[in-house]
Amino acid sequence: MSILETRNLTAFYGDFQALYGIDFRLEEGETVAVIGSNGAGKSTFLRTLTGLNAAASDSVVLAGQPIGGLPAHRIVGLGLALVPEGRRLFPSLTVEENLLVGAYSGRKGPWSLERLYKLFPILAERRHNPGTALSGGQQQMVAIGRALMSNPQVLLCDELSLGLAPIVIRDIYAALPGIKAEGCSVVVVEQDVSQAMNVADRLYCFQEGRVSLEGRPDDLTREQISLAYFGV
Amino acid sequence: MGEWINTILQGLLLGGLYSLFATGLALSFGIMRMINIAHGDFAILAAFAAIAVVEPLGLDPFVVLLLIVPLMAGFGYVLQRIILNRTLGQDILPPLLVTFGMSIIIQNLLLVAFSADTRSLSVGELGIASVPLGGDVAVGVFPLIVMAVAVAVLGGLQWLFSATPLGRAFRAASDDREVAQLMGIDNRHIYGVAMAIAMGIVAIAGVFLAIRANINPTEGPARLLYAFEAVIIGGLGSLWGTLAGGVILGVAQTIGGKLDPGWGILAGHLAFLAVLVVKPNGLFPRTRER
Amino acid sequence: MNTAVIQRATRASRIGAIVGVLLVLAAISMPWWAERSSQRLAAEFLYTLALAQMWNLLAGYGGLLSVGQQAFIGLGGYSLVLFGLQAGINPFLIVPLAGLITGLIAVPTAAIVFRLRGAYFAVGTWVVAEVFRLLIANTTSLGGGSGTSITSTVIGIPAWWRESLTLWMALALGAGATLAVYLLLRSRHGLALTAVRDSEPAAESLGISVKRIKWFVYIASAVGCGMAGALIFITKLRIAPEAAFSIDWTATMFFVVVIGGIGTIEGPIVGTLVFFILRELLSDYGTWYMIILGSVAVAFMLWIPRGIWGLVGGRFDMHFFPVQRRLKLPEPQSNNKEE
Ligand SMILES: Nc1ncnc2c1ncn2[C@@H]1O[C@H](COP(=O)(O)OP(=O)(O)OP(=O)(O)O)[C@@H](O)[C@H]1O
Ligand SMILES: [Mg+2]
């Protein structure tokens with residue numbers, strides 16, 4: 001059974017339709033990448049999954065349970081966490097408080113402050129700094145840690161690599177296996193196609209609010225991807 | 001000389017009362033980013049509710065607080081959930097206008113129920129007792145109690161904000177409403193709780209005011225203005241700043257009033273405007289958002 | 001005929017212009033055909049409209065939510081004491097003079113209150129109004145806290161002239177304020193003003209000086225309120241700080257504009273009408289009247305935030321004062337909605 005599935009998912013901003021009938025599936029233990037150019041609807045997709053944008057009830061199913069249309073604050077408690085685009089740490093909270101607030105939903109699971117500090121030791125050193133005083137890469141670690149503190153079944157990551165140096169990106173992605181080892185399935189949204197191909201078991205390409213391509217990285221040709229990505 | 005010291009001490013302690021008025025306002029500023037124009041009217045409402053209970057039952061005003069504070073807090077929660085949450089958003093007009101309307105409604109309901117006469121609460125001996133400090137300098141016991149309560153309330157809030165999950169949720173919701181939801185925080189509930197706390201505190205302020213002085217149904221707006229001034233003087237987002245702001249306002253008012261009885265309140269306003277001109281972000285600013 | 005034309009006049013606006021002119025003519029001639037009591041009511045209606053338009057300009061277009069416009073009404077009223085009672089100038093000449101004075105006072109006032117933003121600005125303006133009230137209440141030469149009679153300023157003016165001049169001036173203010181806002185919005189600055197209303201950052205990025213616009217709107221509104229204030233107290237013949245600087249003035253403006261429809265020119269007209277109708281219907285209920293007004297305002301804000309005109313004008317796409325430029329496309333209809 002898929003851990004997360006969408007059927008004919010649509011999303012709107014006022015009159016503007018941002019997603020057209022997305023069919024998507026994530027198997028347990030899988031890492032799926034969503035790629036696509038600017039404005040393709042990737043962030044909108046993740047926002048709709050987490051309840052920040054409205055969705056029809058049975059268009060999103062998490063572990064067999066329809067969660068579409070539930071308010072965002074309920075969905076976290078069911079095990080779906082988002083690392084938002086641009087990290088968006090709480091500026092008036094310290095690193096540790098940012099992590100602790102991530103556990104607000106009270107969902108039980110393997111993640112704790114200690115476990116996180118083992119995953120990202122640098123955060124333990126900076127625990128009493130304001131989150132926003134950290135470097136971009138460290139902030140990304142806090143954002144990931146904050147999401148993990150809710151012990152999600154599925155972790156959604158929106159452009160982890162945004163604005164980071166290649167070496168930092170590598171460090172961040174190096175944490176993924178450890179996260180998956182705790183029984184978490186992962187969706188990563190990336191604009192960086194080769195990065196996505198490296199980490200993903202499968203990938204979806206979005207174009208103007210539609211899925212333009214789906215498959216295993218090894219089965220897809222460069223031409224197929226660039227066609228699906230740019231639409232030319 | 002002793003007379004002036006007394007005046008300044010009175011002003012300092014008056015600051016405790018103003019700080020109680022200001023904290024509730026600062027809370028709703030800080031967390032909901034809304035300003036409750038009816039804030040002072042809720043204080044007066046609480047005071048009249050206390051009067052209505054104390055007079056027939058002959059209860060002690062301090063005991064009545066145990067009744068009024070939870071009552072007002074519950075009322076605040078319901079009000080926020082049912083009405084005020086619907087007004088929150090990008091546009092600042094709806095919360096402003098809705099609370100402005102409430103201010104008018106409360107004042108006039110109180111006029112209907114209690115007439116325009118001034119009323120007060122009596123705590124007997126305690127109301128006039130004072131502690132001599134040597135020479136002809138003395139401070140009132142009741143103002144000291146008010147100050148102690150104000151400090152305790154601020155200390156309690158400080159603890160709440162820095163050391164509890166609820167406090168973190170408050171700060172998170174204030175920083176970023178959307179991401180707060182992703183943490184499992186139900187903003188509507190959090191705002192309700194914040195308003196409950198604000199109302200509980202302002203209820204204490206209202207009852208203390210009625211013990212200290214005569215009140216009438218239409219003086220809520222004046223109380224709102226003092227509270228607002230204390231918040232801005234202290235610096236937005238700064239909890240202890242409201243105490244500093246309240247004290248500065250209190251001292252300015254008592255000194256002004258001593259020079260000329262008609263000048264007390266004016267001196268307070270002028271002190272506020274002076275701070276605004278010299279330090280637009282207040283004396284101890286935390287957040288830059290205005 | 002294949003070009004798009006920018007069109008501003010609508011059928012409603014042409015009807016509106018005709019009706020408007022007729023109404024103005026009727027109002028001007030009132031002294032010859034109407035009873036004195038209806039004249040007074042008309043004057044009151046017109047200066048209330050003027051106040052509402054000023055607040056609408058400020059809050060609905062300038063995004064400046066002032067709760068302190070009573071400052072300028074009060075100062076306008078007290079111009080009568082200073083220039084009429086003490087300097088002996090004809091009260092009707094003081095009306096424009098009061099506008100000048102309040103405009104001047106608005107400059108340093110703006111410098112202070114503009115340090116606050118949004119809701120804080122609102123309460124800040126209220127504090128300023130209180131400062132003016134207390135300053136005047138503490139000035140014995142202006143009558144102090146208990147106020148003063150200003151009847152002697154109108155002595156010597158025949159009753160007919162007094163009533164008629166009051167009405168005409170109220171008309172000049174009410175119709176003038178409406179027309180002024182209309183012309184302002186149609187002018188080059190109107191676009192800037194609307195941009196500021198819709199989104200300050202966006203306006204800023206278009207190179208519009210949001211700051212300059214806010215200054216202008218604030219001062220213009222102070223001038224309007226000052227003139228109205230002077231006229232109001234000519235009709236009342238007695239002035240006291242409590243009444244002159246009462247928050248009730250701003251409450252009325254708030255009420256009228258929100259009920260009518262904020263950010264539209266028609267809104268304040270509709271709102272003033274509703275306000276007067278409610279007052280006639282409910283004035284016997286005393287305190288309950290205020291409770292009902294407050295509740296109506298709250299209910300509107302919660303359920304009909306765009307006001308009556310927003311509802312009606314929006315539904316029928318009707319604009320008596322077309323200020324937006326409307327794109328009329330040639331034959332094949334685009335399905336893009338116009339703004
Ligand atoms: N708040 C919003 N209001 C209106 N339209 C929006 C909003 N957010 C996004 N859009 C539009 O929805 C479409 C999809 O945007 P989205 O942010 O999901 O794209 P994306 O694939 O995440 O792009 P990027 O790679 O730039 O992050 C775009 O056309 C965008 O302009
Ligand atoms: Mg995106």
Side-chain angles (χ1 to χ4, degrees), chain B residues 25 29 33-37 83 86-87 90-113 115-116 217-218 221-222 224-229 231-232 236 260-270 272-274 276-277 279-281 289-290, chain C residues 59-60 63 65-67 108-109 111-124 126-140 144-145 199 247-248 250-251 254-255 257-258 262-263 285-303 305:
Chain B
L25 199 66
F29 272 3
R33 303 257 178 250
M34 67 167 262
I35 182 163
N36 178 2
I37 298 282
I83 297 183
R86 309 175 44 134
T87 68
Q90 281 303 309
D91 191 357
I92 56 166
L93 175 70
L96 196 77
L97 184 97
V98 165
T99 52
F100 192 86
M102 282 179 188
S103 161
I104 292 172
I105 295 171
I106 295 171
Q107 284 175 48
N108 286 284
L109 283 177
L110 287 175
L111 279 173
V112 172
S115 85
T218 54
L224 165 75
L225 295 188
Y226 305 159
F228 171 78
E229 290 172 339
V231 173
I232 301 282
L236 282 172
D260 180 331
W263 282 69
I265 293 162
L266 183 59
H269 290 326
L270 292 177
F272 159 73
L273 292 179
L276 201 54
V277 169
K279 291 201 72 147
N281 288 323
E289 169 120 13
R290 275 264 157 119
Chain C
L65 286 180
S66 167
V67 191
T109 306
I112 294 179
V113 290
F114 278 6
R115 287 166 176 265
L116 297 163
R117 303 217 164 281
Y120 313 117
F121 168 84
V123 186
W126 195 351
V127 172
V128 166
E130 282 295 283
V131 167
F132 286 127
R133 177 177 72 82
L134 290 165
L135 280 175
I136 286 180
N138 278 301
T139 310
T140 16
S199 163
I247 184 74
D248 293 351
T250 294
F254 239 95
F255 180 87
V257 172
V258 168
I262 189 165
Y285 296 91
T287 317
W288 285 103
Y289 160 63
M290 292 303 293
I291 297 171
I292 294 171
L293 276 197
S295 312
V296 170
V298 169
F300 260 81
M301 203 72 253
L302 289 175
W303 290 293

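The chains referred to below are lettered A, B, ... by the order of the sequence lines, with proteins before strands, and numbering in each begins at 1.
Atoms CD1 and CD1, on Ile37(B) and Ile247(C) in that order, are 8.0 Å from each other to the nearest 0.5 Å. Atoms CG and CZ, from Leu266(B) and Phe132(C) in turn, are 11.0 Å apart once rounded to the nearest 0.5 Å. Asp91(B) contributes atom CG, which lies 7.5 Å from atom CD1 of Ile262(C) (distance to the nearest 0.5 angstrom). One distance of note links CZ of Phe255(C) with CG of Leu97(B); it measures 10.0 Å at 0.5 Å rounding. Going from atom CG of Asp248(C) over to atom CD1 of Ile104(B) covers 7.0 Å, rounded to the nearest 0.5 Å. Taking CG of Asn138(C) as the start and CD1 of Ile265(B) as the end, the distance is 10.0 Å to the nearest 0.5 Å.
If you measure heavy-atom distances from Leu293(C) to chain B, you find no contacts under 4.5 Å at all. For Ile106(B), no part lies near chain C; criterion is any non-hydrogen pair under 4.5 Å. Heavy-atom distances place the side chain of Glu229(B), and not its backbone, under 4.5 Å from chain C. Neither the backbone nor the side chain of Val296(C) comes within less than 4.5 Å of any heavy atom of chain B. In this structure, the portions of Ala251(C) lying under 4.5 Å from any heavy atom of chain B include both its backbone and its side chain. Only the side chain of Leu224(B) comes within contact range of chain C, with at least one heavy atom under 4.5 Å from a heavy atom of that chain.
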Go through Ile291(C) and Val112(B) one step at a time and tell me if the side-chain contact (heavy atoms from CB on, under 4.5 Å) criterion holds.
CA-CA 10 Å; Ile291(C) 297 171; Val112(B) 172; 4.1 Å; yes

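Contact of the Trp303(C) side chain with the Arg86(B) side chain is registered, since non-hydrogen atoms from C-beta on lie closer than 4.5 Å. Val113(C) has its side chain out of reach of Leu276(B): every pair of non-hydrogen atoms, C-beta onward, lies at least 4.5 Å apart. Phe300(C) is not listed as a side-chain neighbour of Val98(B), based on a closest heavy-atom distance of 4.5 Å or more. For the pair Tyr120(C)/Ile92(B), no side-chain contact is recorded, criterion being any heavy-atom separation below 4.5 Å from C-beta on. Contact annotation: the side chain of Leu116(C) approaches that of Phe228(B) to within less than 4.5 Å [non-hydrogen atoms, C-beta and beyond].
Residues Val131(C) and Leu273(B) approach most closely at CG2-CD1, 3.9 Å, considering heavy atoms.
With sequence neighbours excluded, the residues that form a side-chain contact (heavy atoms from CB on, under 4.5 Å) with Ala137(C) are Pro241(C).
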